[in-house]
Amino acid sequence: YSETPAIKSKVSSKSGKKGGLMSDISQLNYVLLRGQGENGALRTYYDKAFSLWQSVWKQTFSELYGDASLFSNDFTRQSEVGALFQNERCVMLSFFRHVDASLQSVREDSYFQAWTESAFSKLQRDGSDILVGSNITLSPEVRGKNFFLPLKDLVLSLSVKNLLESGASAMTGTTRN
């Protein structure tokens with residue numbers, strides 16, 4: 001897909017330590033990858049993104065359920081995987097799936113199970129091309145830290161940037177604290 005140096009050009013660069021991490025944004029690179037896989041120059045990014053996702057979620061499932069079983073389809077069935085790299089290390093992921101909310105099969109998707117008809121209609125107010133954001137994944141060593149701004153703000157900013165560049169009518173996602 002693409003390497004996106006826009007994160008470097010749209011935010012003024014700061015140097016030094018903040019929250020235990022270098023906050024020099026020249027070390028950061030945001031890459032948008034196809035969930036189904038990449039070849040060529042993006043293959044290394046894809047492999048590192050998958051490795052981070054797999055290690056974080058296997059550990060999470062093991063702690064929560066005592067079972068580290070994890071299938072790659074939760075990764076590979078995404079339309080896009082946004083991956084933030086600090087130098088060569090993948091430190092953050094967010095998943096994006098494009099759906100056509102006018103399809104009955106989308107309405108019956110388990111993601112929308114708890115949605116009322118009213119809420120689902122409001123989601124489509126500006127069109128049926130919806131971007132579903134999910135699976136925000138942080139490398140354990142960056143949790144609770146800042147780069148040049150809090151990570152939750154960085155995740156949200158990159159997600160909104162992806163929405164605006166995607167042409168989708170709206171984006172939805174489920175959050176937790």
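Worth saying up front: this structure is predicted, and the values here are computed from it rather than measured. The first residue in the sequence is number 1, and the count goes up from there.
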Can you tell if the side chain of [X] reaches within under 4.5 Å of the side chain of [Y], non-hydrogen atoms only?
X    : Y    : result
Q78  : L93  : no
V81  : Y45  : no
S134 : F95  : yes
R97  : D109 : yes
E80  : N162 : yes
T174 : Y111 : yes

Can you tell me how far [atom2] of [Y] sits from [atom1] of [X], rounded to the nearest 0.5 angstrom?
X    : Y    : atom1 : atom2 : answer
Q27  : N29  : CD    : CG    : 12.0 Å
L33  : L42  : CG    : CG    : 6.0 Å
L138 : M92  : CG    : CE    : 7.0 Å
L158 : L163 : CG    : CG    : 12.5 Å
K58  : W53  : NZ    : CH2   : 9.0 Å
E38  : L32  : CD    : CG    : 9.0 Å

Just by modelled atom types, is the [Y] backbone N or O under 3.5 Å from a matching donor or acceptor in the [X] side chain?
X    : Y    : value
S139 : V142 : no
S62  : Q59  : no
S51  : D47  : no
T60  : V56  : yes
D100 : S102 : yes

Atom CZ of R43 with >12 non-hydrogen neighbours under 6.0 angstrom: no

Does atom CD of Q36 have more than 12 heavy-atom neighbours, drawn from other residues, nucleotides or ligands, at distances under 6.0 Å?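 Yes - once you tally the heavy atoms of other residues, nucleotides and ligands closer than 6.0 Å, there are more than 12.
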
Using 30° and 60° as the class limits, which term best fits the ring planes of Y46 and F75: parallel, tilted or perpendicular? perpendicular

Do [X] and [Y] share a hydrophobic cluster (ILVMFWY, side-chain heavy atoms under 4.5 Å, transitive)?
X    : Y    : result
M171 : I136 : yes
V132 : L103 : yes
Y65  : W57  : yes

For the student: nearest non-hydrogen atoms of [X] and [Y], plus distance:
X    : Y    : value
D129 : G167 : OD2-O, 4.0 Å
F50  : S72  : CE1-CB, 3.8 Å
F96  : S159 : CZ-OG, 3.7 Å
V106 : F112 : O-CD1, 3.4 Å
W115 : R107 : O-NH2, 2.8 Å
S94  : Y30  : OG-OH, 4.3 Å

Polar side chain donor-acceptor pair, N135 to T137, under 3.5 angstrom: no

